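For reference, the structure is listed below as structure tokens.
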Amino acid sequence: MSNDENDDTSTPEVTFADLGLSDKVLKALADVGYEKPSAIQAATIPPLLAGRDVVGLAQTGTGKTAAFALPILSRLDLAQKKPQALVLAPTRELALQVCEAFEKYAAHIKGVHVLPVYGGQAYGVQLSALRRGVHVVVGTPGRIMDHLEKGTLDLTELRFLVLDEADEMLNMGFADDVETILADTPDDKNVALFSATMPAQIRRISKQYLNNPEEITVKNKTSTAPNITQRYLLVSYPQKIDALTRILEVENFEGMIVFVRTKSETEMLAEKLRARGFSAAAINGDVAQAQRERTVNQLKSGKLDILVATDVAARGLDVERISHVVNYDIPTDTESYVHRIGRTGRAGRSGDAISFVTPRERYLLKQIEKATRSPLNQMQLPTADDVNATRLSRFDDAITAALEQTSRIDRFRDIIEHYVREHDVPETDVAAALAVVAQGDTPLLIDPAADARQQQRDDRPVRNDRPGGDRGGRPERGERRPRGRSDVPMATYRIAVGKRHKVEPRQIVGAIANEGGLSRGDFGHIDIRGDHSLVELPADLPGGAWDKLRGTRISGKLIELTPDAGSPSSNAGPPRKPRHKD
Ligand code: ADP
Ligand code: MG
């Protein structure tokens, strides 16, 4: 653990270059944009590079994969075609994840072969890869055992053995397999055991099979810091931008990070905020490292107040000025929630975290509360009166501040006195007139009545707030050109939920927007029929949306999104899946 109480992943003093990793690995790290090693990485990489056995205890999300993958990649002998490194992971998903990580970190090392080996996959693929030569094997203990028993996996040249998520592997009943593999591989191999917890069984295994291991425990946070106030706001998807604007008006913030789910949303939201007069910039994984650093420096120095970011881009960000974190999109996992809100409350200050939760996302809120063992307080959308109160007090503050500029005040005093004498108007009227000049065309206060009407409109389903849109019947073909808000070509899609399923437009918008990564502006007309509905969406759905929407359900029913055959605007259809040649 670093000296920074609020961060479980970063050790500010050390760089990757300090750790002794190979140049090619360092280059890959620069590509992926890691700024510095996490605590577990800083502690385990040097002993692993030096050939020592290691037991690393740290919670999930602390970067354990790189903690073993980087030193292994730095020490691989590419000429050796028999497996040199074996990583045991509890599940197929984790094994694949580890493989991907290895490949990412090996991007600049030519000819490294990493092979995932797990149950359920055909042996043939695994065997032919093994025959061609593999440097790193990542697999579940069961399937690795099968291969060892069949004699299809030759571990005689094994130099590194990693037990990843060891506690989880034991929980899943792999203890015997793990011990057999440990016992039946070369004695002089380097063993690394990573785990989130240290049950007695792991202690025993480590004593028995590891050679005087260096034991590293990263004190981690199972919960969120007590100096951060956590609140949530129930909002519908379309209300989010107005909700954020209000929060920006009434909250007393210094610097803020607003988290969204996708890269494109960072740009869109930053743009919207700038249009509303806030100083905001986007950072995401696509923004070049140098530009990202510039933006972060602007936030540090106060040139910029709001950063709209994705998880990746804001990981490890350490800026004292950040008084608020807003989860514009609530994260889908607790780890990122903890990381995100840990961006505020730095250096012993207090911090505020506000999470937007749409009705469909309440379960995520519950998950977070359960995992962090700290309930979030519900907050209400600041009312027009709240906003007006802050605007008035800011207005007062501006007057007070101006009055302090005595020499400039003196110069104007004569002019005003002259005006009052000449025109015989009360001094307050003159002051009010000057306020009008200062304020320009924007009204100082919100009209609460008009605001209430607006809120009601926002709560209504999408199709009803189109001027002239018909409320119950079918779309009048030919009359309206199917165009989205930003004038992209639209197509009509059919979904398998309708009146019979008591579905409402807002559910359709919510589900499709959330799961397909679309925004409200992407929706055209929604026509709910008997057992299906027709929805206008961009003809060219964003990459991946099609796949994600395949599994989307509304009220438990698969929506089975298809282009509507009878629609004149549906000829675009879904992108055809490219065929893979084998
Ligand atoms: P663990 O195995 O401890 O649960 P992972 O190895 O899966 O954690 O890493 C969690 C996330 O952190 C991954 O998305 C990974 O890319 C990222 N990550 C790892 N190390 C760093 C680092 N030094 N800087 C920034 N991000 C990192
Ligand atoms: Mg892991």
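Here the structure is a predicted model, which is why all the values come from computation and not from measurement. Indexing begins at 1, ligand by ligand and atom by atom, following the structure's order.
Qualifying side chain to side chain donor-acceptor pair (under 3.5 Å) partners for T140, counting only residues two or more places apart in sequence or in other chains: none.
For the pair Y34 and ligand 1, the shortest N or O to N or O distance falls below 3.5 Å.
Contact annotation: E165 places an N, O or S atom under 2.8 Å from the Mg ion (ligand 2).
A donor atom on one side chain and an acceptor atom on the other are found under 3.5 Å apart for T266 and N284. Between the side chains of Y209 and D53, not a single donor N or O lies within less than 3.5 Å of an accepting N or O.
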Less than 3.5 Å apart, which donor and acceptor atoms pair up between the side chains of residues 76-97 and the rest of the protein, not counting sequence neighbours?
{"from": "D77", "atom 1": "OD1", "to": "A79", "atom 2": "N", "distance (Å)": "3.1"}
{"from": "Q80", "atom 1": "OE1", "to": "K82", "atom 2": "N", "distance (Å)": "3.1"}
{"from": "K82", "atom 1": "NZ", "to": "D154", "atom 2": "OD2", "distance (Å)": "3.2"}
{"from": "Q84", "atom 1": "OE1", "to": "D77", "atom 2": "N", "distance (Å)": "2.8"}
{"from": "Q84", "atom 1": "OE1", "to": "R159", "atom 2": "NH1", "distance (Å)": "2.8"}
{"from": "Q84", "atom 1": "NE2", "to": "D77", "atom 2": "O", "distance (Å)": "2.6"}
{"from": "Q84", "atom 1": "NE2", "to": "Q80", "atom 2": "O", "distance (Å)": "3.2"}
{"from": "T91", "atom 1": "OG1", "to": "L94", "atom 2": "N", "distance (Å)": "3.1"}

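The cationic atom of K189 (NZ for Lys, CZ for Arg) does not lie both less than 6.0 Å from the six-membered ring centre of F160 and within 45° of the ring axis.
Contact atoms of ligand 1 toward S38: 23 (N) (distance under 4.0 Å to a heavy atom of the residue). For ligand 1, the atoms lying closer than 4.0 Å to a non-hydrogen atom of T65 are 2 (O), 5 (P), 6 (O), 7 (O).
Residue nearest to atom 9 (O) of ligand 1, selected from A58, P37, G63, A42: G63 (by heavy-atom distance).
A salt bridge links E361 with R261: the distance from a Lys NZ or Arg NE/NH1/NH2 to an Asp or Glu carboxylate oxygen falls below 4.0 Å.
Residue F16 touches ligand 1 through its side chain alone, judged by heavy-atom distances below 4.0 Å. Contacts of K36 with ligand 1, taken as heavy-atom pairs under 4.0 Å, involve the backbone alone.
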